[in-house]
Structures are given as C-alpha cells and as structure tokens.
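Quick notes on the structure that follows.
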Amino acid sequence: MDQIHRDRIPDIRLLRVTYLRGPNLWTYRSALETWLDLGVLEDLPSNQLPGLTERLCAWLPALAEHHCGVGERGGFLQRLQEGTWCGHVLEHVVIELLNLAGMPTGFGQTRSTSRRGVYRMVFRARDEQVARTALAQGHRLLMSAINDEPFDVSAAVAAVREKLDRCYLGPSTAAIVAAASERRIPHIRLNDGNLVQLGHGKRQRRIWTAETELTSAIAEGIAGDKDLTRRLLAAVGVPVPEGQVVDSAAAAWEAAQEIGLPVVVKPRDGNHGRGVTLDLSTQAEVEAAWALARQHGSEVMVERCVRGDEHRLLVVGGEVVAAARGEAAWVSGDGRSTVRELIDAQLNSDPRRGVSEDHPLNRIVIEEDEVVRADLQRQGLDADSVPAAGRRVLVQRNGNVAIDCTDEVHPEVAHLVSLAARVVGLDIAGIDLVAEDIGRPLHEQGGALIEVNAGPGLLMHLRPAEGKPRPVGQAIVDHLFPDEDDDARIPIVGVAGTRDTARLARLVAWIMQLSGRHVGLACRDGLFLDRRQVDSGDCTDWDAGQRLLVNRTIDAAVFENDAAAILRDGLPYDRCQVGVVTDLGGVEALATDDVHDVDQLLKVLRTQVDVVLPDGAAVLNAADPRIAGLASLCDGGVLLYAADAGNAEVARHLEGGGRAVLPAEDGCVLCEGASRNLLPRLRPLAEGSEPLPAETLLAAVAAAWALGVDPDLIAAGVQTFAPARVPAPPAAVLWSAPMPADDRKND
C-alpha cells in the first residue's frame, strides 16, 4: 500500500458511457450513466487518500453545500472525511462543475455492480454533449486531486460552459421550455439549435426562440422592412418619426435638412442595432452614417431623431407583458487612461456584461463596434485618446436596454404598442420606442415607436440589470396553450415485458383506432400510423418512439418497451396514460447490463409504472405477485388481470374497490369492486385468425378499459382484430381450461 501512495495512482477507467434520454432505472429525467472501474482505488476510500478532501474543497468550495445521503448541508464533506469511494466522489465533482458552468444539477447516484471495483455512476444530464464534457473534466480534476497534481479549475469550468453555450438551448428558449415544464407540458428538441416542440402529436406547438408556429411569415417580413413598418403604423395613428429612404450620401443630407436636424440614419432592413447612428446634426456626420448603414442593409433610411431613452416592450398575444429601459453608456476621464482602458475599467468590469447570452449587457469592444467608433470620432476621440480628468465621454447611445420598467408603462403607451404588434401581424413582438418618460402618453412628450421586431430576445426581461425579472416564458406558453388545464398531451399506452407484447400493443392500438383516434404504434413488428406500416423491423428504440410523438397527425400512441430498451435509452416518453407490465421474462439477455435475476429486472420494469400520470392507470399481471406489487408505486389507478379467475391478488384488489379483468367462457369480465360486466364472444372473427392467448387478450381489454373505451367498442375491436401473423411464445388460450397454478411461469 505504501508503494501505491508513492507512485501515481492509475486513473479510474470509464468503461462505458450511456446517455439515457428518457425515464429510466434511475430517474424520470434524462441522465448520463457511466460504468467506472476504480482499480486500486477500490481499496482506498477518500479518508485514506492524504490531502484529497482539502484539495477538493479548495478547488470546489461549494462542495460544502452538497447534502448527499446525510440530507443536510455539509453531508458530502462528512462522507469524504469518514471515507467514501471515489466513484461517489466523482459524481459530486461532476455535479459541481455543471453547477459552476450554469447548468444547475442536483441529482446523482453511484451504485456497485456484481464486479468488484466496478460501479455505475449516474447524474442528471439535460444535454448529452455538455454532460460528457463535464464527466471528462471532472474525471481529470479528481485524478489530479488524488495524485496531488496541479489542475486549472477555471479552465475546466470554461470548457463545460463553452459546450453549454454551443449545444444547449439559449436562455430565451430555455425559459419557455421551463415554463412549459411547470405546466407539465412535455417538450422535444427538434434540432441542435432552438427549435422545440411543446406537447405531443396533434396537440403540439412549436417554438424557435421567441417565434412560434403562430408567427406569420408575412408579418416577419413586414417587421424586417423598417420603412414599410413605419408607414403602416403611421396609417393607424401610431406615432412614428418622419423618415425617408435614400439612395446616396447626398440624398441622405438632403432628407435630413427636409426632416429637420438632428436625425437618425439606419439600414432599412438591418437588425440588432447594427449600422444605426443617432443624433446627427452635420453634413459630414450624416454622410458618414449613410456609408456605415449601407454596409448593414440593402437600403438606408433617414429619420427624425426622437429625444429620450430607448425602451423595449414585449408584446405576447396582444398584451404588453414586460418593458425595459435603456440608458446611454458614459465613461469619465481621469487624465491618465485611454478611452479603451476607461471602458474596460468603468463599463466592462460590470459582471452583468459579457459575451454570452446569459449576460444582460454586452461587453463594449471598440474595434468591433463601428457606431461606438463613430460616436467617439464625433467627440474628437478614438480608442487611444486620453480624455481630461472629469470629462464625460459618450460611449454608447443604445444597446443597454436592461432596466425593468414594466410597472411604469402608461396604459395609452401599452395600447399603442399592442396596436403596433397587431398592425404588423406578430403574435410575439419586441417594440422599440423612444420616450423621456414611459409613464406618460407619447403625444405629450413627442415620443415615438421606432421599430417592431419579430423573434425578440427575452434575456433583458428574464435577467434585467436592474429591477424585477418578468415571467415572459410563462406568458408565451400561456399564449400557445390558453387553457390552463391543457398539458398538450395525447393518450399514450406503454407495454413493458416480453410475452406476446407486440401483438398486445397492436390490439390496443386497433381498439383505440376504432374509438375514433389516429393512432401511432411502435413495436417489434414495425412502426405504424393507424393500420399503415411505415417502417418494418424492430421499432422499440428511442428514435422510432420520437418519430411518433413529433407526428402532427396522431392523437394517441402505443409503445412496446422491454427492459433492454429502458436500460439502453430510457422510455421514449416522459409520462403515459396507461402503463402495462406483462411478465418478468428475458433476464438471460440482460447480463451485460448487470441484471441477473428477476428482482433486478423488476426494478427496471417499474419505470413503466413510475411514469403513469395521476389520472392514468397501471395495468398489471396479477399472476405474478411481484408485478402486482408494483401497484403501490403508481401515481394513478391500478387495473389487475389474471388468466386464473380465482387469483388471490385480484380478489384482494376487488375487495378494496379496485378494477380487474378476468376470464369467462368465450369472453371476459370487467370487475370493479362487487360489480361485474360480461364481455361475451371475444373471438377474432377474421378468416384465418387464431384465438388470442388469455393474458394477451385480458391485458389489452384492461388497457382499453383504463383509457375509457366503451366496453362494446372493446369487444368489437377484439372481434375485428386481424394482424399479420407473428410467432408468439406458447401461452394459455382464453377458451381452454386454465393451467394449474404450479405449472404457470411467473418470470
């Protein structure tokens, strides 16, 4: 052991890394699972690694806040000091790196496997690439701490942050998605950017940052044409500055004289304030501004300069939901520092300024901003000039709209802004106006609307530099889903197990289709839209499931799942209306996942029960008491079924007022407490069709009943069911005598 301490301890080996995209063995949410081989560290818990705790706390002080299994602040430090294994330590290091990078994460677990020294470590992962980067950096940090080697923590955090900025949703989109999640509306990311689907199937809506599928392309085109926008707004009485489109520098000066100085020169179709120069009073200034604006748009406009502060008002669904005010940025000379140095010291040092979307204010870089250079030039300065002590230098006239003023907006101003959005035709719009006081009507102070923007940024309202954040993400979700009880979900049935589950899933889908729904089905037999097969082969994987949920034509879906798929990807949906568990077969095929017995398999298949919605139901095979025991884990109701009409689990369930489906001669019985409803003649009538195995039929009837399908329609579905023949394992047939209890397999 002494030799181990003298030499460098070999790295923990990452044997395999799996991104679990849906609900899984560990959590309802996406997670990254890593198999770790600790090697010699299996014999060296943290309290036997000199200096480890001190180095980790010096590098990551917030580890002191981690609760861990102790359940209170400092719990993880207590575990470190008492001695915990390094897989557990890595879990907390990775979580802390994610926290520092701006992706708060609280969930993690580390569990031993059947192999000595090998552990499964998992942590919450909203994005796979960000999680993999955090794992790699956390792995390097931990090994450096163990071996007392130098490590650059800030560089590690920066690497995770860079991946977060590149790969994860932008702050505006993330705010909308978070608001949707608060309303239990599911979401699916449709590309590597900010195109996101809220809801499933036919009930979905799509967003792209702050644009929605309700945003008109025509309206967006109008908003991009500043002259057309100005003329339309003027036509309905919205105050706008007088302006003209000009085709030369000389024409710009001529227009400026006609309109009246001072003026603004800007691109007709620019955006983000690029090429906009304000408060121009001389011919040289106007002509230079025209040349600058020409670089950022196809045409150039000259407008009257409106006095006051710039404001941005956000309109969602015709209502003003947030407002922010901007102020010009100034620096004060000290007689020694250059303008560039003054900007860095007095403006860019503000922690609210930065280059990422998470900063409400942008860093000012003179070399990258032509308008800033032009304003400095008009003051007789450049980046290297040294202003006299006490001299105030205007650095930026706009671009600092980050002071919340929502509560100050005058009702008449709100009315005009809402009118402007409606005139242009935008459901979500960022309206820029200039006014000295947003709390007074515009006509009293000569204020005016200067721009209407489609797809406005939300960050200034989410994280204002001053004032109260506004729930603009919630406003957009409420606009898309005005019924507060609408969760944008379609009925989903999940079938977990191995025993004839493909045919079971197809029968449930057929009954749902007869009830008037357009049904998607993903199972071992392929991918189906109603009765049309759109893909053949095994479609129990994640990608096939997502193909159903993004399809705008379906209003119900059925998924066949097995333990391997849950271990590999997680479920393809977050919650379901009905979750069916049929059996505990197939353990032999799961050895590579360290699942060796039915008790371990049960923990995997319980995932299907865990995700049942409160108003849904679990359908469980009572022939196996272990499956029936999953009833206590279900948030919704429970329906049991059994091929043995005398099943004791069913009897107890019915005594408590529960529901169950049991066999009867040539049919089955729907039982609820003491009541009974016979469904006779449940034999498929199609030519060449075979009787269904008892458990398959009973499970399908129970699932359809749980969905609220009328019993007569259930019977009609069974009688008309005629799938392509697929080999199925032997099982009891409903119309045969029940098998003796001691001959039935429970696994």
Side-chain angles (χ1 to χ4, degrees), residues 172 176 194-195 205-247 252 255 259 263-276 278 293-306 310-324 398 401 412-435 442 447-458 460-461 472 475-476 479-480:
S172 295
I176 301 171
N194 290 296
L195 178 61
R205 295 290 193 185
R206 292 176 182 168
I207 61 168
W208 199 321
T209 312
E211 292 184 64
T212 78
E213 61 183 55
L214 305 179
T215 302
S216 163
I218 293 176
E220 189 173 354
I222 292 172
D225 186 330
K226 293 177 173 52
D227 184 55
L228 175 58
T229 299
R230 183 181 60 81
R231 289 188 283 112
L232 288 175
L233 297 183
V236 297
V238 175
V240 293
E242 301 84 353
Q244 297 179 24
V245 176
V246 295
D247 59 6
I259 292 168
V263 295
V264 175
V265 175
K266 62 184 181 181
R268 177 176 178 172
D269 50 1
N271 52 49
H272 299 292
R274 297 187 184 98
V276 179
L278 308 176
R294 189 68 180 83
Q295 299 174 25
H296 294 276
S298 59
E299 293 184 291
V300 177
M301 291 181 59
V302 178
E303 288 183 349
R304 173 175 61 88
C305 185
V306 182
E310 186 174 340
H311 297 75
R312 164 63 67 87
L313 281 73
L314 180 67
V315 178
V316 178
E319 300 291 332
V320 174
V321 299
N398 55 16
V401 183
E412 184 177 319
V413 175
H415 168 73
L416 289 174
V417 168
S418 176
L419 175 60
R422 294 198 303 274
V423 168
V424 174
L426 290 170
D427 65 321
I428 300 176
I431 310 293
D432 293 335
L433 64 82
V434 176
L442 296 183
L449 273 70
I450 59 173
E451 201 163 309
V452 176
N453 301 277
L458 305 180
M460 65 186 72
H461 309 300
V472 293
I476 292 173
H479 162 61
L480 292 172

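All residue numbers in this chain count up from 1 along the given sequence.
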Going by salt bridge (Lys or Arg N to Asp or Glu O under 4.0 Å), name the residues that satisfy it together with Arg304, two or more places apart in sequence or in a different chain. Glu242

The criterion is side chain to side chain contact (heavy atoms under 4.5 Å, CB included); which residues satisfy it with Val417, sequence neighbours excluded? Leu313, Val315, Val320, Val413, Ile431, Leu433

Spell out, as yes or no, whether a donor-acceptor pair under 3.5 Å connects the side chain of Ser172 to the backbone of Leu458. yes

If you take all heavy atoms of Ala255 and Gln244, which pair is closest and at what distance? CB-OE1, 3.6 Å

So, for Leu416 and Gly237, which heavy atoms are closest and what is the spacing to 0.1 Å? CD2-O, 4.5 Å

Value rounded to 0.5 Å, distance of NZ in Lys226 from CG in Asp432: 9.0 Å

Is Pro267 close to Val300 at the side-chain level, that is, under 4.5 Å between some pair of heavy atoms? no

Under the salt bridge (Lys or Arg N to Asp or Glu O under 4.0 Å) rule, collect the residues that match up with Glu213, sequence neighbours excluded. Arg205, Arg552

Nearest heavy-atom neighbours spanning Pro239 and Gly447: CB-O, 3.8 Å

How close do Ser418 and Gly318 get, counting heavy atoms only, and between which atoms? OG-O, 2.5 Å

Hits for salt bridge (Lys or Arg N to Asp or Glu O under 4.0 Å) against Arg294, two or more places apart or cross-chain, chain-then-number order -> none

Listed by chain and number, what are the side chain to side chain contact (heavy atoms under 4.5 Å, CB included) partners of Leu228, not counting sequence neighbours? Ile222, Asp225, Arg231, Leu232

Less than 4.5 Å apart, any side-chain heavy atom of Glu303 and any of Arg230? yes

Test: salt bridge (Lys or Arg N to Asp or Glu O under 4.0 Å). Region: residues 416-425. Which pairs qualify, not counting sequence neighbours? none

For the NE2 atom of His479 and the CG atom of Leu214, what is their distance to the nearest 0.5 Å? 5.0 Å

So how far is it from Trp208 CH2 to Leu195 CG, rounded to the nearest 0.5 Å? 5.0 Å

Is the closest side-chain heavy-atom distance between Ile207 and Leu480 below 4.5 Å? yes

Check whether any side-chain heavy atom of Leu314 sits under 4.5 Å from a side-chain heavy atom of Pro456, and report yes or no. yes

Can you list the residues that meet the side chain to side chain donor-acceptor pair (under 3.5 Å) rule with Gln295, with sequence neighbours excluded? none

What are the two closest heavy atoms between Ala322 and His461, and how far apart are they? CB-ND1, 3.5 Å

Side chain to side chain contact (heavy atoms under 4.5 Å, CB included) against Thr215, all qualifying residues, sequence neighbours excluded: Glu211, Thr212, Leu426, Asp427

Partner of Thr229 by side-chain contact (heavy atoms from CB on, under 4.5 Å), out of Leu449, Val424, Val240: Val424

Over all atoms of both residues, closest heavy-atom pair of Val265 and Ala293: CG1-CB, 4.1 Å

Listed partners of Val236 passing side chain to side chain contact (heavy atoms under 4.5 Å, CB included), at least two apart: Val238, Leu419, Val423

Within a strict 4.5 Å, meaning less than it, do heavy atoms of the Lys266 and Val302 side chains meet? no

Is any side-chain heavy atom of Asn453 closer than 4.5 Å to one of Arg312? yes

